[in-house]
Amino acid sequence: MSGTSFLRKMSLHKFRKSLSSPKLDSLNLTEAEKDPVRPDEPLTPPPETQTVLLLHAARQPYELTDDYPVPQLQDEHEVLVRTQAIGLNPIDWKAPDFNFAIPTLPYISGRELAGTVIQAPSSSSTRLQEKDRVLVISTDYRDLRKAAYQEYVVGLDYNTVRLPLSLSIEEGSTLGVAFVAAALALGVCAGLDFSHVLDGPDLHSLVRDLPADRIAEDIRAECLDGIRSHERAQKGDWLAVWGGSSTSANLTIQLAKLAGLKTVAVVDKAKHGLWLANHKAIRTDLLVDSHDPERAVAIIKGNLKGKLRFGIDTRGRESATSLLQALSPDNLGGGEQPLLKEGEAPPSPPSTPHDSTLLSAHLIGLTGLPKQTAPEGTLFHTVPIKLFHEVPAVGEALVSWLERLLKEGLVQPPEIIDVESGLGSINKALDRMRKGEISGGKLVVRV
């Protein structure tokens, strides 16, 4: 298919209507392309070869390549999916531009896609069946079989989400990586318990019940010692998200609100203020303009008056440094001990109970943290993304919960800004992201 762009800043409601509208007919799609999931039709076995998009060197465009082998299943938990829509992420252009997260060349990129199950896992415990419409979340960027920029993709059953009929394939391709990042940031780094939201996971407890050697060494400290139990985020606590218009911020705010947190979003109000203020799913308790970071910090401090202990930055080191200034740990001042209530006996030994009552502030960086070391009373966190694909219990807990959230309509996919057509359109689509043309939603490629 040619690189035709057919959606331009449409709402999700309009996008759903467009799936059966004359506008879709203008693309000259076949009936199978308009509605590729037909349960009454037999599945066609996958071919031996396929078309993929390969990166041969850093700072080079991806190249369309034919006759590339279709990936083979190697494990009872693996599933083969025919790609129908790919959600593009900033890492897709940043990795080749800045030469990172490219473990081998030639390389296949892409972190999330939606499509149809062609071969179901052989595991008897799997939720998945052939012909299921699914979202595949590929955080394991070292296994090229799982990358999205190809016609057939291998997914792990505990990293694959069945989509409800209320969502289109395109919508399904938009929210996987952002959901995982948001859930792990909130559940592991901030300790937020989701068990009261459609029986969601308590990730803080789940990871601590695992044998330590099941968790990769480079994320073990974050998972097991990142936040103490008495400091965990609770219903009614405040959370500030800097870069509130991004897809990851979108899902973070949705999950935080579902769990009862009060939220602050720091955004470019000139671009996104009205949209965020009127968006039911991600409307925050406080909306702050990011244009003047010092002013933004002052507004947060002036309104919250020392009640902000949790911050998540989605932009980078500079904005994370600003967000740090807005946080208010309870134990600033170091040696000062809390006052005893009338009739309360002094603790013995003195330090133990006092330490347990002090509450640190927690800054979570999705793309970077301040250069400086964390000041007294504040802890820095990085999101342990690899938990999702390396620990089946974590992956299964998250995708099963996401299925329930989508089915009940408690989580909404991000707005689709535009849709391109064909693997060959991806380079052009990534150029649009480089230029900053895509903001406040997702760019999707239909395959």
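Side chains are part of it too, since the values below use all heavy atoms of this structure and drop only hydrogens, waters and symmetry mates.
In this structure, OG1 in T174 is found 11.5 Å from CD1 in I169, a value given to the nearest 0.5 Å. The distance from atom CG of N159 to atom NE2 of H389, rounded to the nearest 0.5 Å, is 8.0 Å. Taking OH of Y62 as the reference point, atom OH of Y107 lies at 7.5 Å (rounded to 0.5 Å). In this structure, CZ on R315 lies 8.5 Å from OG1 on T367, to the nearest 0.5 angstrom. Taking CG of L366 as the reference point, atom CD1 of I364 lies at 8.0 Å (rounded to 0.5 Å).
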Can you give the donor-acceptor pairs under 3.5 Å from side chains of residues 187-199 to other protein atoms, not counting sequence neighbours?
from : atom 1 : to   : atom 2 : distance (Å)
D193 : OD1    : S195 : N      : 2.9
D193 : OD1    : S195 : OG     : 2.9
D193 : OD2    : S195 : OG     : 3.1

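A salt bridge links D431 to R434: at least one charged side-chain nitrogen sits closer than 4.0 Å to a carboxylate oxygen.
Proximity of a side-chain donor or acceptor of K301 to a complementary backbone N or O of Q325 within less than 3.5 Å is detected. Judged by distance alone, with hydrogens and angles left aside, the side-chain atoms of E151 form no donor-acceptor pair with the main-chain N or O of Q50 at under 3.5 Å. Here the side chain of S246 pairs a donor or acceptor atom with the backbone of G243 at under 3.5 angstrom. Between the side chain of E112 and the backbone N or O of V177 there is at least one donor-acceptor pair closer than 3.5 Å. With hydrogens and angles ignored, the 3.5 Å screen pairs no side-chain donor or acceptor of T126 with any backbone N or O of S123. One N or O on the side chain of D75 and one on the backbone of H77 form a donor-acceptor pair closer than 3.5 Å. When atom types are taken as modelled, the side chain of E171 and the backbone of S168 share a donor-acceptor pair closer than 3.5 angstrom. In this structure, T65 contributes its side chain and E63 its backbone to a donor-acceptor pair below 3.5 Å. Within the 3.5 Å criterion, the main-chain N or O of Q150 finds a donor-acceptor partner in the side chain of T83. Between the D313 side chain and the G365 main chain, no donor and acceptor come within less than 3.5 Å of each other.
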message: Does T116 form a side chain to side chain donor-acceptor pair (under 3.5 Å) with Q84? I'd like the steps, not just the answer.
response: CA-CA 8 Å; T116 303; Q84 293 166 225; 2.3 Å; yes
field: Criterion side chain to side chain contact (heavy atoms under 4.5 Å, CB included) on V241 and T263, from CA distance to verdict
entry: CA-CA 8 Å; V241 180; T263 54; 6.0 Å; no
- prompt: Run the side chain to side chain contact (heavy atoms under 4.5 Å, CB included) check on F179 and L405 step by step: do they pass?
  reply: CA-CA 11 Å; F179 171 81; L405 291 170; 4.0 Å; yes
field: side chain to side chain contact (heavy atoms under 4.5 Å, CB included) evaluation trace for V445 with L423
entry: CA-CA 7 Å; V445 173; L423 288 172; 5.7 Å; no
Salt bridge (charged side-chain N to carboxylate O under 4.0 Å, His left out) evaluation trace for K262 with D285: CA-CA 6 Å; K262 298 178 182 179; D285 298 279; over 6 Å; no
message: Would L387 and C223 count as a side chain to side chain contact (heavy atoms under 4.5 Å, CB included) here? Give the steps.
response: CA-CA 9 Å; L387 268 181; C223 294; 3.5 Å; yes
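Proximity of E170 to P413: side-chain heavy atoms (C-beta onward) are nowhere separated by under 4.5 Å. Here the side chains of P384 and I215 are not in contact, with every heavy-atom distance at 4.5 Å or above. Residues R145 and E78 meet the side-chain proximity criterion, which asks for heavy atoms closer than 4.5 Å. Within the 4.5 Å cutoff, side-chain heavy atoms of P201 are placed close to those of L398. Side chains of I300 and V266 form a contact here, defined as non-hydrogen atoms less than 4.5 Å apart. Residues I417 and L443 fail the side-chain proximity criterion, which asks for heavy atoms closer than 4.5 Å. Q254 places none of its side-chain heavy atoms less than 4.5 Å from the side chain of P414. Side chains of L186 and F310 form no contact here, defined as non-hydrogen atoms less than 4.5 Å apart.
V383 approaches A181 most closely through the heavy-atom pair CG1-O, 3.9 Å. Counting all heavy atoms, side chain and backbone alike, S173 lies closest to I86 at OG-C, 4.0 Å. Considering every non-hydrogen atom in both L55 and L105, the closest pair reads O-CD2, 3.4 Å. Pairing each heavy atom of E231 with each of L379, the nearest pair is OE1-CD1, 4.5 Å. When all heavy atoms of A85 and V444 are compared, the pair lying nearest together is CB-CG1, 4.1 Å. Residues P71 and L80 come closest through the heavy atom pair O-CD1, 3.9 Å.
Heavy-atom contacts from other residues, nucleotides or ligands closer than 6.0 Å to CD of E318 number 12 or fewer. Heavy atoms of other residues, nucleotides or ligands lying less than 6.0 angstrom from CD of Q372 number more than 12.
Checked against side chain to side chain contact (heavy atoms under 4.5 Å, CB included), E396 has the following partners two or more places apart in sequence or in another chain: R127, Y158, V399, S400.
Under the 30°/60° scheme for interplanar angles, the aromatic rings of H362 and H381 are found to be tilted.
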